[in-house]
Amino acid sequence: LKDTPVTVLHGDGSTTVAALAYDSRAVTRGDCFFATRGTQSDGHDFIPDAVAKGASAVVCEQLPAETARGVAYVVVPDAAGALADMAAAFYDHPSRELKLVGITGTNGKTTTVTLLYDLVRALGYKAGLVSTVVYKVGERIVEATHTTPDPVRLNAMMREMADEGCEYCFMECSSHAIVQQRTRGLHFAGGIFSNITHEYIRAKKLFFDSLAKDAFALTNADDKNGRVMVQNTAAGIHTYSLRTMADFRCKIVEMHVDGMLLRIDGQEVWVGLVGRSNAYNLLAVYGAAVLLGLDRTEVLRAMSMLHAVSGRFEFVRAENGTTAIIDYAHTPDALENVIQTIEEIRTPAQQLIVVCGCGGDREKEKRPLMGRI
């Protein structure tokens with residue numbers, strides 16, 4: 001409890017806790033149950049169930065009318081925040097043992113975290129990865145459920161990373177995760193802002209507002225919200241750009257179907273990825289790697305060995321000469337970037353056919369925009 005603001009402690013504060021749970025169905029004997037308030041239900045309604053299952057402690061925002069003997073009730077101003085703070089403490093603050101970098105923005109998060117993970121591994125380091133697609137502890141794959149897992153799972157996974165000798169962890173930070181305080185209590189070595197199109201500016205800015213002064217904040221100077229993101233951060237601010245003066249600069253020298261030649265900080269490097277959006281992603285990777293203290297020349301050498309992330313501008317060639325490009329573009333901006341990139345590299349003789357989907361019932365307002373594009 002040492003990092004958690006407590007209003008009332010009712011019962012024995014020296015109670016031993018076996019595990020942390022915020023779902024009463026998952027509570028087993030000796031667990032600490034967190035009564036968090038969600039959009040669908042209120043965890044306070046399930047306190048009696050958790051106690052009946054053997055919870056040794058309950059963290060809540062309101063003391064229940066009836067309390068059980070032998071159970072510690074901890075009243076806090078914010079149960080969701082307490083869950084994040086206590087999860088970090090329960091697993092002995094694993095993020096402090098890692099160089100943890102968070103990436104937020106509308107497009108490019110998965111590609112950037114995955115390329116950073118591949119880059120440091122190519123340089124001989126062990127690393128962890130938390131992305132929409134997969135979680136990795138070293139080379140071991142852990143099934144992904146959310147873009148950013150809940151604080152208990154996140155800290156448990158980072159504890160495994162630290163114990164298994166990982167030096168780095170690269171993590172996507174979605175707007176929902178930031179607002180739901182899943183990233184609270186974590187110590188970030190740095191944060192990267194990719195870009196923003198139509199949503200969540202305030203949520204993403206909260207991430208940078210919470211960075212410590214010993215961290216770095218690397219922002220895209222070509223995005224009109226790039227400066228806004230870091231205006232209140234305590235972290236050291238650094239910029240990257242393809243169009244203007246910045247700490248890290250890049251120019252696309254040549255672009256082909258199978259890769260592009262980039263000039264980064266005056267050095268030319270051939271990369272096996274295509275498109276302006278990937279030039280931004282790679283420049284963010286380069287900047288973050290340098291800010292983490294890695295050697296510039298070694299970073300560029302490792303970048304030349306990187307490949308496209310699965311489902312991100314991924315090429316498939318058929319025997320009849322047709323080229324298919326698979327991309328996870330699920331925002332209007334991302335779809336437009338993909339089509340513009342193809343227009344830059346296709347020959348006049350090649351016909352372009354687009355198959356576009358917009359899955360699920362979320363964000364229906366995007367569909368007419370994507371259809372128009």
Fill in: Residues Arg182 and Asp150 bridged, charged N to O under 4.0 Å
no
Discussion item. As an exercise, state the distance from CG of Leu1 to CG of Leu9, rounded to the nearest 0.5 Å.
Written reply: 7.0 Å
Practice prompt. Might you work through the salt bridge (charged side-chain N to carboxylate O under 4.0 Å, His left out) test for Asp327 and Arg312, ending with a clear yes or no?
Written response: CA-CA 5 Å; Asp327 196 275; Arg312 303 298 198 279; 5.9 Å; no
Worksheet entry | Student check: side-chain heavy atoms of Glu160 and Arg140 closer than 4.5 Å | yes
Item to complete: Describe, in one word, how the ring planes of Phe170 and Tyr168 are oriented to each other, choosing from parallel (under 30°), tilted (30 to 60°) and perpendicular (over 60°).
Response: parallel
Worksheet item: Does Asp31 use its side chain to pair, donor to acceptor, with the backbone of Thr28 at less than 3.5 Å?
Response: yes
Fill in: 4.5 Å side-chain heavy-atom contact, Lys205 and Asp209
yes
Discussion item. Less than 4.0 angstrom from a charged side-chain N to a carboxylate O is my criterion; do Lys53 and Asp49 meet it?
Written reply: no
Worksheet item: Would you say the side chains of Asp222 and Tyr240 form a donor-acceptor pair under 3.5 Å?
Response: no
Worksheet item: Is the closest side-chain heavy-atom distance between Val76 and Pro5 below 4.5 Å?
Response: no
Item to complete: Give a yes or no on whether a salt bridge exists between Glu139 and Lys136, defined as a side-chain N under 4.0 angstrom from a carboxylate O.
Response: no
Discussion item. Can you tell me how far apart CG (Leu123) and CE (Met303) are? Round to the nearest 0.5 Å.
Written reply: 11.0 Å
Discussion item. The test is side-chain hydrogen bond (donor to acceptor under 3.5 Å, both in side chains); show your working for Thr132 and Thr110 and say whether it passes.
Written reply: CA-CA 7 Å; Thr132 332; Thr110 302; 3.0 Å; yes
Worksheet entry | Modelled atom types, side-chain donor and acceptor of His44 and Asp42, under 3.5 Å | yes
Worksheet item: So do the side chains of Val17 and Leu20 get within less than 4.5 Å of each other, counting heavy atoms only?
Response: yes
Discussion item. Within the 3.5 Å criterion, strictly below it, is a donor on Asp333 or Asn107 matched to an acceptor on the partner's side chain?
Written reply: yes
Worksheet item: Between Ile103 and Glu172, is a side chain to side chain contact (heavy atoms under 4.5 Å, CB included) present by the stated rule, with each step listed?
Response: CA-CA 5 Å; Ile103 293 118; Glu172 280 188 59; 5.6 Å; no
Discussion item. Return the CZ to CG distance between Arg184 and Leu154, rounded to the nearest 0.5 Å.
Written reply: 14.5 Å
Practice prompt. Answer yes or no: is there a side-chain heavy-atom contact under 4.5 Å between Leu306 and Leu282?
Written response: yes
Practice prompt. Give a yes or no on whether Phe46 and Val27 share a hydrophobic cluster (residues Ile, Leu, Val, Met, Phe, Trp, Tyr; joining criterion: side-chain heavy atoms under 4.5 Å apart).
Written response: yes
Worksheet item: For the atom pair SG (Cys173) and CD1 (Ile192), what is the distance rounded to the nearest 0.5 Å?
Response: 10.0 Å
Worksheet item: Between atom OG of Ser277 and atom CG of Asn195, what is the distance when rounded to the nearest 0.5 Å?
Response: 9.0 Å
Practice prompt. Answer yes or no: is there a side-chain heavy-atom contact under 4.5 Å between His93 and Glu97?
Written response: no
Fill in: Shared hydrophobic cluster, Val338 / Ile345 (ILVMFWY, side-chain heavy atoms < 4.5 Å)
yes
Discussion item. Parallel, tilted or perpendicular, judged at 30° and 60°: which one describes the rings of Phe207 and Phe188?
Written reply: perpendicular
Practice prompt. Please name the pair of heavy atoms, one in Leu218 and one in Ala284, separated by the smallest distance, quoted to 0.1 Å.
Written response: CD2-O, 3.5 Å
Worksheet item: Just wondering, more than 12 heavy atoms not from Arg346 lying within 6.0 Å of its CZ?
Response: yes
Fill in: Side chains of His307 and Asp118, donor plus acceptor under 3.5 Å
no
Worksheet entry | Main-chain N/O of Gly30 paired with Ser56 side-chain donor or acceptor, under 3.5 Å | yes
Worksheet item: Under 3.5 Å, is there a donor-acceptor pair linking the side chains of Arg153 and Tyr135?
Response: no
Item to complete: For Gly108 and Asn281, work out which heavy atoms get closest and say how close.
Response: CA-OD1, 3.7 Å
Worksheet item: Transitively linked via ILVMFWY side-chain contacts under 4.5 Å: Phe315 with Val354?
Response: yes
Worksheet item: Would Lys126 and Glu167 pass as an ion pair if we require N to O under 4.0 Å?
Response: no
Discussion item. Is it true that, when you exclude Glu66 itself, more than 12 heavy atoms of the residues, nucleotides or ligands shown sit nearer than 6.0 Å to its CD?
Written reply: no
Practice prompt. Start with the C-alpha gap between Val113 and Met171, add the side-chain angles, then the distance that decides, and say whether side chain to side chain contact (heavy atoms under 4.5 Å, CB included) holds.
Written response: CA-CA 6 Å; Val113 289; Met171 172 180 165; 5.6 Å; no
Discussion item. Taking side chain to side chain contact (heavy atoms under 4.5 Å, CB included) as the criterion, tell me which of Leu262, Val274, Asn278 meets it with Ile252.
Written reply: Leu262
Worksheet entry | Considering all heavy atoms, the nearest Pro149-Met157 contact | CG-CE, 3.9 Å
Discussion item. Test of understanding: clusters of I, L, V, M, F, W, Y form through side-chain heavy atoms closer than 4.5 Å, transitively. Do Leu294 and Val290 belong to the same one?
Written reply: yes
Response to the item:
CG of Leu300 to OG of Ser304, rounded to nearest 0.5 Å, is 8.5 Å
Worksheet item: Counting only N and O atoms by type, is there a donor-acceptor contact under 3.5 Å from the side chain of Arg159 to the main-chain atoms of Asp92?
Response: yes
Fill in: Path from Ile325 to Val316 over hydrophobic side-chain contacts below 4.5 Å
no
Fill in: From CA spacing to verdict: side chain to side chain contact (heavy atoms under 4.5 Å, CB included), Glu254, Met260
CA-CA 5 Å; Glu254 293 174 21; Met260 51 189 172; over 6 Å; no
Worksheet item: How about Glu314: does its CD atom have over 12 heavy atoms from other parts shown lying under 6.0 Å from it?
Response: yes
Discussion item. Please find the pair of heavy atoms, one from Cys169 and one from Val130, that lie closest to each other, and give the distance.
Written reply: SG-CG2, 4.2 Å
Worksheet item: Is a side-chain donor-acceptor pair under 3.5 Å present for Arg249 with Ser241?
Response: no
